[in-house]
Amino acid sequence: MDLGIHGRSAIVTGGARGIGREIAKKLLEAGARVTICARTEATLEQARDELVAKTGGEVLAVVADMAVAADVERLARRASERFGAVDILVNNAGQMYSGRFAAMTEEGLRGQLETKLFGFMRAIRLVVDGMRARRWGPDPYMLGSGITNSALLNVTKALSTELGPDNVLVNAVCPGWVDTGMWKRNVPGLVAELGVASEDEARRVAAGKNALGRWGRPEELADAVAFLCSERASFITGVSLNVDGGRLKSLW
């Protein structure tokens with residue numbers, strides 16, 4: 001399927017591994033020119049080299065922490081200098097925050113908000129004027145955990161209304177259990193939450209909580225995001241798309 005984004009300039013935050021990397025790969029395969037960012041230079045450069053080797057596409061790697069305003073500004077500037085005005089922004093960077101209320105700290109929550117709320121909004125502000133001027137700009141979000149997500153879903157709805165007249169689309173993609181390195185790094189929290197004795201048992205129990213009875217693959221999330229970034233999704237905005245294997249069992 002031709003997604004209609006050949007030659008478009010895209011930014012994928014947190015694009016060095018997991019879901020972000022798969023999204024970058026899908027966009028490159030569709031002909032987009034992609035800027036990826038991550039906090040660790042070695043991991044980022046390896047991802048860039050492998051993405052170029054696999055797709056033959058154009059990839060710019062920028063070391064950036066989405067919780068640092070100057071880094072976000074530099075990311076947007078470098079992307080624009082290399083590939084021109086940004087057409088697609090995939091706010092994917094984030095981290096899991098395992099545990100319930102008793103385990104949640106103000107410092108931990110503040111870190112989540114800096115990256116996944118304020119960081120996302122900083123990136124949007126830096127590219128949205130150009131999107132509005134060109135009247136083109138899908139903006140899907142990859143959302144992760146808890147309190148920050150409810151705030152971001154409200155931002156998604158509000159911006160879809162505000163930017164709709166300028167043909168800038170704003171949607172949210174909400175993953176369920178996806179088999180990435182992030183989940184592996186949070187095994188202790190998952191084991192404790194599910195009340196099981198091992199990682200293998202935790203994975204089995206978690207998989208049983210969705211209708212398909214398995215964990216998702218990063219490329220399955222990437223397919224959904226690539227579609228929302230494409231011309232094929234030109235009448236979709238303001239939606240929260242659950243790509244969770246049927247984990248959500250009710251409407252409310």
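Quick note: residue numbers are just sequence positions, from 1.
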Does the side chain of E50 reach to within under 4.5 Å of the side chain of Q46, using non-hydrogen atoms?
yes
Minimum heavy-atom distance between L89 and M131, given as atom pair plus value
N-CE, 3.9 Å
Residue pair F120, V155: steps toward the side chain to side chain contact (heavy atoms under 4.5 Å, CB included) verdict:
CA-CA 10 Å; F120 282 23; V155 169; over 6 Å; no
So how far is it from K26 NZ to I5 CD1, rounded to the nearest 0.5 Å?
11.5 Å
Flag the pair L194 / K209 as yes when at least one side-chain heavy-atom distance between them is below 4.5 Å, and no otherwise.
yes
Any side-chain heavy-atom pair from V191 and S198 closer than 4.5 angstrom?
no
May I ask you to test the E22-L221 pair for a side-chain heavy-atom distance under 4.5 Å?
no
T237 and V170 have their tightest heavy-atom pair at OG1-N, 3.0 Å
Starting at CE of M66, measure out to NZ of K116 and round the result to the nearest 0.5 Å.
12.5 Å
NZ/NE/NH1/NH2 to OD/OE distance under 4.0 Å, E29 and K25
yes
Rounded at 0.5 Å granularity, tell me how far OG in S234 sits from CG in L228.
11.5 Å
Give a yes or no answer on whether the side chain of R135 reaches the backbone of P165 with a donor-acceptor pair at less than 3.5 Å.
yes
Give a yes or no on whether R39 atom CZ has more than 12 heavy-atom contacts from other residues, nucleotides or ligands under 6.0 Å away.
no
Hey, are the side chains of T180 and I19 touching, using non-hydrogen atoms and a 4.5 Å cut-off?
yes
L241/N171 under side chain to side chain contact (heavy atoms under 4.5 Å, CB included): CA gap, chis, key distance, verdict
CA-CA 8 Å; L241 177 62; N171 297 297; over 6 Å; no
Using only atom types and a distance under 3.5 Å, with no angle test, would you say the side chain of R247 pairs donor to acceptor with the backbone of G176?
no
Quick one, N242 and C174 - any side-chain contact, counting heavy atoms below 4.5 Å?
yes
Which heavy-atom pair separates T35 from A79 by the least distance, and what is that distance?
OG1-CB, 3.4 Å
Side chains of E231 and W136: closer than 4.5 Å at any heavy-atom pair?
yes
Hey, mind stepping through L153 and K157 against side chain to side chain contact (heavy atoms under 4.5 Å, CB included) and telling me if it holds?
CA-CA 6 Å; L153 291 174; K157 273 295 186 185; over 6 Å; no
Exercise: identify the closest heavy-atom pair between A30 and L3:
CB-CD1, 3.8 Å
As a quick check of understanding, evaluate side chain to side chain contact (heavy atoms under 4.5 Å, CB included) for L75 and T13, giving each step before the final call.
CA-CA 9 Å; L75 171 66; T13 70; 4.2 Å; yes
Measure the CD1-CG distance between I124 and D129 for me, rounded to the nearest 0.5 Å.
12.0 Å
Honestly curious: do V68 and L126 fall in one hydrophobic cluster under the side-chain, below-4.5 Å linking rule?
no
Can you tell me how far apart CZ (R8) and CD1 (I88) are? Round to the nearest 0.5 Å.
7.5 Å
Check whether more than 12 heavy atoms from other residues, nucleotides or ligands sit under 6.0 Å from atom CD of E41, and answer yes or no.
no
State whether R203 and D200 are salt-bridged, where the test is any N-O pair (Lys NZ or Arg NE/NH1/NH2 against Asp/Glu carboxylate O) under 4.0 Å.
no
Residues G14 and A93: closest non-hydrogen pair is N-CB, 3.8 Å
Looking only at side chains, do E220 and W215 share a donor and an acceptor under 3.5 Å apart?
no
Are L117 and L109 linked, directly or through intermediate hydrophobic residues, by side-chain heavy-atom contacts shorter than 4.5 Å (ILVMFWY only)?
yes
To the nearest 0.5 Å, how far apart are CZ in R134 and CG in D166?
11.5 Å
Between C37 and L44 the two heavy atoms that sit nearest each other are C-CD1, 3.7 Å
Option among L60, L27, L51 that satisfies the side-chain contact (heavy atoms from CB on, under 4.5 Å) test with I36:
L51
Using a strict threshold of under 4.0 Å (side-chain N to carboxylate O), is an ion pair present between R125 and E73?
no
